[in-house]
Amino acid sequence: MKDGASVLVIDDCASDVMLLDLAFQEVAPGTPVQAILEGEEVMGFLDAVRQGQVPLPALIILDLNLPRLTGFELLARLKAEPCLTSVPVVVHSVSSAPQDREHCATLAATAYYTKAATYHGLLELVGVLTDAWMSGHRAEG
């Protein structure tokens with residue numbers, strides 16, 4: 001993994017965020033994981049990135065089921081943001097509906113993964129994400 005590479009998790013479920021953080025610490029120890037629990041807070045984060053107050057994350061993991069500002073709306077905004085063009089945005093959702101996958105693909109999501117039912121499955125996913133997008137090269141998801 002690249003030194004200093006961080007992960008931004010946008011998910012309103014604190015336990016899902018905690019599990020992702022634990023999985024990253026197990027698979028890629030020392031990876032900083034920042035969480036945003038509300039879609040509307042992302043705009044403040046983007047302002048801070050634009051002003052150079054916080055570094056760009058190496059990876060953004062986005063849940064679709066968010067209150068007020070949906071994951072689809074957020075995905076469209078993130079992909080339209082010039083400062084994030086080099087940052088992969090991976091959707092991580094409980095939905096396995098083909099129409100959700102297709103909609104995310106049309107919004108240029110880097111990849112779409114259904115949330116694992118077990119912690120072991122989450123560890124496998126974090127391994128894939130770390131290998132594909134946190135090690136300095138890209139792969140298809």
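Once rounded to the nearest 0.5 Å, the distance linking CE of M18 with SG of C13 reads 9.0 Å. Note that the CG atom of N65 and the CG atom of D100 stand 8.0 Å from one another [nearest 0.5 Å]. Atoms CD and OG1, from E124 and T118 in turn, are 7.5 Å apart once rounded to the nearest 0.5 Å. For the atom pair S93 OG and I61 CD1, the distance stands at 13.0 Å (nearest 0.5 Å). I36 CD1 to D12 CG: the interatomic distance, rounded to the nearest 0.5 Å, is 12.5 Å. Atom CG of L59 sits about 8.0 Å away from atom OG1 of T130, to the nearest 0.5 Å.
Listed here is the closest heavy atom pair of Q25 and G30: OE1-N, 2.9 Å. Across V126 and A23, no two heavy atoms sit closer than the pair CG2-CB, 3.7 Å. Taking all atoms of both residues into account, the shortest heavy-atom contact from T31 to A5 is CG2-O, 3.9 Å. Listed here is the closest heavy atom pair of A108 and K79: O-CE, 2.9 Å.
The hydrophobic cluster containing V128 also contains Y119, counting ILVMFWY residues as joined when their side-chain heavy atoms lie under 4.5 angstrom apart, directly or transitively. Under the 4.5 Å side-chain contact rule for hydrophobic residues, V94 and L75 do not share a cluster.
The closest side-chain heavy-atom distance from D16 to H92 is not below 4.5 Å. Residues E73 and L66 have side chains not in contact (no heavy-atom distance under 4.5 Å, counting atoms from C-beta outward). K115 places none of its side-chain heavy atoms less than 4.5 Å from the side chain of L19. At least one side-chain heavy atom of L84 sits less than 4.5 Å from a side-chain heavy atom of I60. Using a 4.5 Å heavy-atom cutoff, the side chains of L78 and I10 are in contact. Using a 4.5 Å cut-off on side-chain heavy atoms (C-beta onward), F24 and V9 make no contact.
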Per-pair distances, 0.1 Å, donor-acceptor, side chain in residues 38-46, under 3.5 Å, sequence neighbours excluded:
residue: E38; atom: OE1; partner: R68; partner atom: NE; Å: 3.4
residue: E38; atom: OE1; partner: R68; partner atom: NH2; Å: 2.2
residue: E38; atom: OE2; partner: R68; partner atom: NH2; Å: 2.8
residue: E40; atom: OE1; partner: R68; partner atom: NE; Å: 3.3

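Without hydrogens or angle criteria, Q34 side chain to V7 main chain gives no donor-acceptor distance under 3.5 Å. In this structure, T110 contributes its side chain and V89 its backbone to a donor-acceptor pair below 3.5 Å.
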I'd like to know whether C104 forms a side chain to side chain contact (heavy atoms under 4.5 Å, CB included) with L62, so could you lay out the CA-CA distance, the side-chain angles of the two residues, the decisive distance to 0.1 Å, and finally the verdict. CA-CA 11 Å; C104 287; L62 173 65; over 6 Å; no
